[in-house]
K.L.:
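Sharing a structure, written as structure tokens. Questions coming.
Numbered from 1 within each chain, the chains take letters A, B, ... in sequence-line order. Note: hydrogens, waters and symmetry copies are ignored here, and every other heavy atom, side chains too, is used.
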Amino acid sequence: MLKQIEGSRAVAEAVALCRPEVICAYPISPQTHIVEGLGEMVKSGELQGCEFINVESEFAAMSVAIGSSAAGARSYTATASQGLLFMAEAVFNAAGLGLPIVMTVANRAIGAPINIWNDHSDSLSMRDCGWLQLFAETNQEALDLHIQAFRLAEELSLPVMVCMDGFILTHAVERVDMPTQAQVDTYLPPYEPRQVLDPNEPVSIGAMVGPEAFMEVRYLAHAKQLQALERIPQLAAEFGQQFGRDSGGLIRTYRCDDAETVVIAMGSVLGTIKDTVDALRQPENGGLKIGVLGIVSFRPFPHEAIAAALKRCKRFVVLEKSLAVGSGGIVATDVRMAVTGMGLQGHTVIAGLGGRAITVKSLAALFEKACAGQLELTTFLDLDWKAVNKQLEREKAVRRSGPIAENLLRDAGVVAARNY
Amino acid sequence: MSYQPIKFYQTGTFTVGNRLLAPEERSVQASAKRFNSINSGHRACQGCGEALGARYAIDAAMEATHGQLVCANATGCLEVFSTPYPETSWQVPWIHSLFGNTAAVATGIAAALKVKQKKAPHGQEIRVVAQGGDGGTTDIGFGCLSGMFERNDDVLYICYDNGGYMNTGIQRSSATPPAARTATTPAVGVEPGNVFGQGKFVPAIAMAHEIPYVATATVADLRDLEAKVRRAMEIRGARYLHILVPCPLGWGTASHDTIRMARLAKETGLFPVFSAEHGEQKSALAIRRQLPVEEYLKPQKRYAHLFAPTPRVEVLAQLQALADRNIKRYGLLDGGKQ
């Protein structure tokens, strides 16, 4: 059924269709509308057979989900940013215990300085926690990925994060095609746990493991992610057959067949990139041979699929909303590993941190430069060098040069200025 | 070889075990048919109060729920000594997640079981117990514990209080008593040991949440402990049981003195044994023969600096004042009837 609704509402309705049995809720922007929607559905009786628990922190949210999942209930929560960091210990634990929890991450920057807007720093900081991470490009895909996520999680007994750009997707009102309960029930069988806390068959879960077996336990976690590399495309294909649209998978390519330059990105920015690429391919704009590769599955990372997609190109540009401080790009590092030995020129572009708008104008200039072979190895898109240099000079001149964030805001004239 | 003569004139009292008691008065633990929820062969120290407390409490909970019980366990001694891979001592479904989240994990289990029970109401109802040491309860797990309390989730949380982080090598927790020596409150300087005026007594904080049931117990009073577990399992909602479990290693006591130390803690008034419902005290286990705090402190190496080289009379007086305050506050001389 076609609906014109907010992304958060679409996700809430999709999660409800997945018949969750325990939902833990703790508010944090920009995720809050999702759990609000679910809470309303549980309280009104629209969503039956589900416990909705208002917990006291994100750490508790994930911990409650750990308990409920281990006791055999389909469990869901949602978070973002600081919330994800606050639950970090439990996030790793859920993966280590092999509990198929599904969590929405409404991607948002991490402070300090505190910032509520979108980038990918939060879920990427949990890169190695053992969860699968799927990135949605549109609200339709966010909705669809949740349905696939429960199936994938429960088949593999691994938790899955569905990542959607905070505000850009969560708060955007868009047209979505909402599946019926019958459709979802056909695709997603009831949860059959691999291990469960049951007095009739008592097991101990969460034993201490020493050096004699820890390596093997960790390898098996890795092996499961490799299994996911096979299952994700299969489940996406099955989804496509049943629901009649393409959603999910490992990667998606756009106009890559003859592309010499391929732009790689994750999430909603792919839409802007595709528009830019369409424009640059017009003869009047130079007819550049440029394509796009969207990564849906960040974990497991689809090395082979990416290498195959980049086989015919000369160079790639990874445009990412994250920064490995002191190193460069997080996604770019993985992409470079995927194309080892292929002799490609690779570029990293850090863009859109903390909600900085990524415009077609900036992208077009960037891609033209890349296609001309003139792009630097690492670029910070639309960085205000004047502001950066001013602060650097200030720090050089005065030991007590003041808090950086406030200094930059004052320079930019955003806050009431007081002259020093 | 030492032995304890059995005095048969004690027939009808609890000191001779179950044999000479009426069936309804027999304890779970003294029964040959006890559950052994935590089996022998685990790796606790000799004389471990926590192992004893956990066996008493979980066996009693198993009895009360007819074996339909799930346990969540915080990181700590109890977890480490009971489940070193590939062994486990637990005969009950048991999960260990983290140090600071046990109350929340138990909330999740209870929620899942509630949903399952509603979907298949014919089955026997399954209940949930969460357990942890004082570090996992009063410090790092306190946020989750308070959250579980205020939501009144259907969980019995049991804290085994031995007054410090014993698993990591005897460091101070917020349950470490004043003046006690730990690795992070060493017996040096002008005020050796743990400082006065810090720490918290979580049973009182639990009462402030007005949850249906709060009780304290020690491993010295088996029947009192079992009765409190039984009462707790009769009630729905958040329940809290705080059990004093002496730690021979951390306290510097002989392993055969664990029960004696627990009894002395109660008889001096330093550890009040009582119960409360919905924020109101309901009972107190009366001190049978009040003893000065020195009787309790002296056998423990963690208080050795209070007695030698020179007795610290003023510190002992401060500790006696704490005991006296407990006795007054909880009515420990007349069983809470005040």
Side-chain angles (χ1 to χ4, degrees), chain A residues 19-24 26 48-57 59-75 77 86-87 89-90 92-94 96-97 99 101 190-191 193 195-214 217, chain B residues 37 62 65-73 75 79-116 118-119 123-124 126-128 130 141 143-151 153 155:
Chain A
R19 301 186 186 277
E21 291 169 306
V22 174
I23 295 171
C24 329
Y26 190 79
Q48 298 268 337
C50 180
E51 284 288 305
F52 183 87
I53 304 168
N54 282 299
V55 290
E56 74 281 0
S57 73
F59 178 64
M62 184 47 59
S63 301
V64 169
I66 285 169
S68 59
S69 185
R74 183 171 285 165
S75 305
T77 188
F86 195 57
M87 65 165 67
E89 191 190 12
F92 275 73
N93 192 252
L97 293 172
L99 299 171
I101 300 159
Y191 173 35
Q195 56 177 13
V196 67
L197 295 165
D198 178 4
N200 296 319
E201 285 177 64
V203 287
S204 297
I205 299 174
M208 181 170 192
V209 175
E212 68 281 4
F214 194 81
V217 171
Chain B
S37 309
M62 283 289 275
T65 59
H66 311 288
Q68 297 301 299
L69 191 72
V70 175
C71 293
N73 208 122
T75 308
E79 167 262 326
V80 170
F81 75 63
S82 66
T83 57
Y85 173 87
E87 299 157 7
T88 179
S89 288
W90 297 98
Q91 309 298 304
V92 291
W94 179 95
I95 185 169
H96 158 246
S97 173
L98 296 169
F99 200 4
N101 72 350
T102 312
V105 171
T107 291
I109 296 168
L113 294 174
K114 191 175 168 190
V115 171
K116 298 283 172 200
K118 268 189 201 158
K119 285 185 180 172
Q124 170 92 41
I126 304 166
R127 308 292 298 280
V128 186
C144 286
L145 184 70
S146 178
M148 188 273 278
F149 284 167
E150 70 78 18
R151 288 187 304 268
D153 296 328
V155 171

K.L.:
Using a cut-off of under 4.5 Å on heavy-atom pairs, state which of A:Pro199, A:Ser57, A:Pro202, A:Ala65 scores highest against chain B.
P.N.:
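Of the options given, most contacts go to A:Pro199.
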K.L.:
Should B:His96 and B:Thr83 count as side-chain neighbours, where that means a heavy-atom distance under 4.5 Å?
P.N.:
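They are not in contact (no side-chain heavy atoms under 4.5 Å apart), so the answer is no.
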K.L.:
With rounding to the nearest 0.5 angstrom, report the CD to CG distance, A:Glu51 to B:Leu113.
P.N.:
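Between atom CD of A:Glu51 and atom CG of B:Leu113 there are 10.5 Å.
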K.L.:
Looking at B:Met62, B:Glu87, B:Lys114, which one has more heavy-atom pairs under 4.5 Å with chain A than the rest?
P.N.:
B:Lys114
K.L.:
Measuring heavy-atom distances to chain B, does A:Asn200 have an atom under 4.5 Å in its side chain, in its backbone, in both, or in neither?
P.N.:
side chain
K.L.:
Under 4.5 Å from any heavy atom of chain B, what part of A:Glu212 do you find: side chain, backbone, both or neither?
P.N.:
side chain
K.L.:
Go through B:Ala106, B:Ala72, B:Ser89, B:Gly100 and name the one with the most non-hydrogen pairs under 4.5 angstrom from chain A.
P.N.:
B:Gly100
K.L.:
Taking side chain as everything from C-beta outward and backbone as N, CA, C, O, which of these in A:Leu197 sits under 4.5 Å from a heavy atom of chain B? Side chain, backbone, both or neither.
P.N.:
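It is both, since atoms from each part get that close.
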K.L.:
Is it the backbone or the side chain of B:Leu69 that comes under 4.5 Å from a heavy atom of chain A, or both, or neither?
P.N.:
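Backbone only.
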K.L.:
Do you know which of B:Gly147, B:Ala110, B:Ser97, B:Pro86 has the most heavy-atom pairs with chain A at a distance under 4.5 angstrom?
P.N.:
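Heavy-atom pair counts peak at B:Ser97.
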K.L.:
Which atoms of B:Ala111 are under 4.5 Å from chain A, going by heavy atoms: the side chain, the backbone, both sets, or neither?
P.N.:
both
K.L.:
If you take all heavy atoms of A:Cys24 and A:Val55, which pair is closest and at what distance?
P.N.:
CB-CG1, 4.4 Å
K.L.:
Heavy-atom distance under 4.5 Å between the side chains of A:Met62 and A:Phe92, does that happen here?
P.N.:
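Not in contact.
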K.L.:
Against chain B, work out which of A:Gly210, A:Ala207, A:Ser204, A:Cys50 has the most heavy-atom pairs shorter than 4.5 Å and name it.
P.N.:
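Heavy-atom pairs under 4.5 Å are most numerous for A:Ser204.
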K.L.:
Where on B:Val70 is there a heavy atom nearer than 4.5 Å to chain A: the side chain, the backbone, both, or neither?
P.N.:
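B:Val70 touches chain A through side-chain heavy atoms alone.
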K.L.:
Quick check on the interface: out of B:Gln91, B:Arg151, B:Glu79, who has the most heavy-atom pairs with chain A under 4.5 Å?
P.N.:
B:Arg151
K.L.:
Side chain, backbone, both or neither: which part of A:Val22 has an atom under 4.5 Å from a heavy atom of chain B?
P.N.:
side chain
K.L.:
If we define contacts as heavy-atom pairs under 4.5 Å, which of B:Leu98, B:Asn101, B:Asn73, B:Thr88 has the most with chain A?
P.N.:
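Max contact count across the listed options: B:Leu98.
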K.L.:
So what's closer than 4.5 Å to chain A heavy atoms on B:Gln124: side chain, backbone, both or neither?
P.N.:
neither
K.L.:
Just verifying a value: how many Å separate A:Phe214 CZ and A:Met208 CE, rounded to the nearest 0.5 Å?
P.N.:
10.0 Å
K.L.:
Select, from B:Glu150, B:Lys116, B:Lys119, B:Met148, the one with the greatest count of heavy-atom pairs under 4.5 Å involving chain A.
P.N.:
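Counting heavy-atom pairs under 4.5 Å, the top option is B:Lys116.
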K.L.:
If you measure from OG on A:Ser69 to OH on A:Tyr191, what distance do you get to the nearest 0.5 Å?
P.N.:
4.0 Å
K.L.:
Measuring from atom CZ of B:Arg127 to atom NE2 of B:His66, what distance do you get when rounded to the nearest 0.5 angstrom?
P.N.:
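The CZ atom of B:Arg127 sits 10.5 Å away from the NE2 atom of B:His66.
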K.L.:
Are the side chains of B:Ile95 and B:Ile109 in contact, using a 4.5 Å heavy-atom criterion?
P.N.:
yes
K.L.:
Let me confirm one number: the CD1-CG distance from A:Ile205 to A:Leu99, rounded to the nearest 0.5 Å.
P.N.:
7.0 Å
K.L.:
Side chains of A:Gln48 and B:Lys118: does their closest heavy-atom pair fall under 4.5 Å?
P.N.:
no
